[in-house]
Amino acid sequence: MSNHLFDAFRSRMPAPGHLLMETDDGRSLSYGEMLARSAQFAHALLQLDVEPGDRVAVQVEKSPEALLLYLACVRAGAVFLPLNTAYTLTELGYFFGDAAPRVIVCDPARAVDIGRMVEPSGAVVVTLDRNGRGSLADQASRLPSDFHDVARGPDDLAAILYTSGTTGRSKGAMLSHENLASNAQVLVEQWRFTSDDVLIHALPIFHTHGLFVATNVVLMAGASMLFEQKFDPARIVALLPRATALMGVPTFYVRLLQQDGLDRQATKTIRLFVSGSAPLLADTHKAWRERTGHAILERYGMTETNMNTSNPYEGERRAGTVGFPLPGVSLRIADPDTGTPLAQGEVGMIEVKGPNVFGGYWRMPEKTKAEFRADGFFITGDLGMVDTDGYVHIVGRGKDLIISGGYNIYPKELESEIDALDGVMESAVIGVAHPDFGEGVTAVVVRAPGTQITGAEILGAIAGRLARYKHPKQVIFVAELPRNTMGKVQKNLLREAYKDIYA
Ligand code: ATP
Ligand code: MG
């Protein structure tokens, strides 16, 4: 048997000397070096008694070695389990307890504390720092640079990725070799990646966006990347002329638009800008097009499913939509309660099925069962609709739906109206417990810099445009919306902060 995912990468690998990545501190790594060094890391894992299916939990800063460790896990048949670098020791305790890893790779600064914490479990703790040094790297450097990949089939686990925790506690999504391989192949074709491409990679690599969408696409195309430890807008603008593609969260694009140097000249060599992980405001899409001449391609995915939909490479990239289901992905809009498919144009639960969809939540059989329909469709938790041209629109998360006075209110509809007003930068509309209405519609608004729009003005502007039951009961101004590392607005924090305003 072969190693399903790594064989897929191998079969598309360019010449050994071809550049895989260049880092912001001037290091470079070719495909040949990637093969040799991931082999060394794979040997190191075997020396640590990692067996096929064992979890290797990794909380390290972004570095080429961290990526080599991912590939080493794939090659050694282990399950790669990356963790957000922001997690505290207490939070890590939950993940280690849940995942029961064989090996934990962490920053040297944390090794003692983590070692003490996991001692009873027998997990082995090794280190890797932001420069790619540490006990694991030392061990690997002494080991052979060729490795016989451990046999893994399409359904074997390649990774467990925890969801972003935007709506509650993160869940471990079990992703198979085929989930990852099939999605990367589809994206390479859809987005026309080749070995000539140079992607600017400034995303974290503990999340599906930076790890699987960005990195797997590069590997599957034999392309190159400029591997940035963090997102620095001025640096990105300077790098653009050396690149052909950029993948980012909406906040990247908002912040890049604040850079003077961003213009048509700076983006001349780029053939593709991709956005995802959170909704891209139609305004941002428009401003980007005016400044650079490029239409950002928005796509939609989640940790559990990899990518589900994408705007077209050729054809209209429609702002405010996430495009069409990818080849091989079946997508339907269903009644959230019954799962019955709804007519075109109706808003309901987005459900998906395909080789991209995960096998279930790690050690949560009940939760897994509850999130799949009997016919195998996964209930994404996102509400949306399909327009007459087939474009998928996301109207928000099911958990953010507001029920006020017995009516369903989709926050996105209000947010779009409010965001379009002069004087508003952005907004988040939430439902807050209300004695009369069940939930009171509440708008949390960030003013545009230097403007003084009032709550009354906002309400006045909406009055003629939206039915009365949708009107906010209160408008609250804030300096900025709370966001997590992936740029997602944390509505649960807002609901918590304002939970008593109607009490
Ligand atoms: P948790 O499941 O732990 O609450 P999360 O859903 O934010 O966190 P992820 O798997 O990182 O964790 O994010 C997937 C979600 O991100 C999707 O379900 C969807 O709500 C949102 N999303 C991704 N891409 C887009 C997009 N282009 N437009 C709107 N929302 C998007
Ligand atoms: Mg989710």
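Indexing begins at 1, ligand by ligand and atom by atom, following the structure's order. Basis for what follows: all heavy atoms, side chains included, without hydrogens, waters or symmetry-related copies.
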key: For atom 9 (P) of ligand 1, the option (of T380, T303, T167) bearing the nearest heavy atom   = T303
request  = Answer with yes or no whether the side chains of R75 and S38 bring together a donor and an acceptor at under 3.5 Å.
outcome  = yes
remark   = Taken in chain and number order and not counting sequence neighbours, the residues that satisfy side chain to side chain donor-acceptor pair (under 3.5 Å) with H4 are E178
ask   = Judged by non-hydrogen atoms, does G381 sit under 4.0 Å from ligand 1?
value = no
Table please: side-chain donor-acceptor pairs of residues 94-102 below 3.5 Å, with sequence neighbours left out.
from: Y94; atom 1: OH; to: S170; atom 2: O; distance (Å): 3.4
from: D98; atom 1: OD2; to: Y162; atom 2: OH; distance (Å): 2.7
from: R102; atom 1: NH1; to: G122; atom 2: O; distance (Å): 3.4

message = So, 4.0 Å and heavy atoms of R299: is ligand 1 close enough to count as a contact?
response = yes
inquiry  = Using modelled atom types and a 3.5 Å cut-off, is there a donor and acceptor pairing between side-chain atoms of Q59 and backbone atoms of N84?
reply    = yes
key: Backbone N/O of A243 and side chain of T269: donor-acceptor pair under 3.5 Å   = yes
task = Closest by any non-hydrogen atom to atom 25 (C) of ligand 1: pick that one out of A278, P250, S275.
result = A278
query = Touching ligand 1 at all, M486? Heavy atoms, strictly under 4.0 Å?
reply = no
query = H209 near ligand 1, heavy-atom distance under 4.0 Å?
reply = no
ask   = Which option, T208, D382, V489, owns the non-hydrogen atom nearest atom 17 (C) of ligand 1?
value = D382
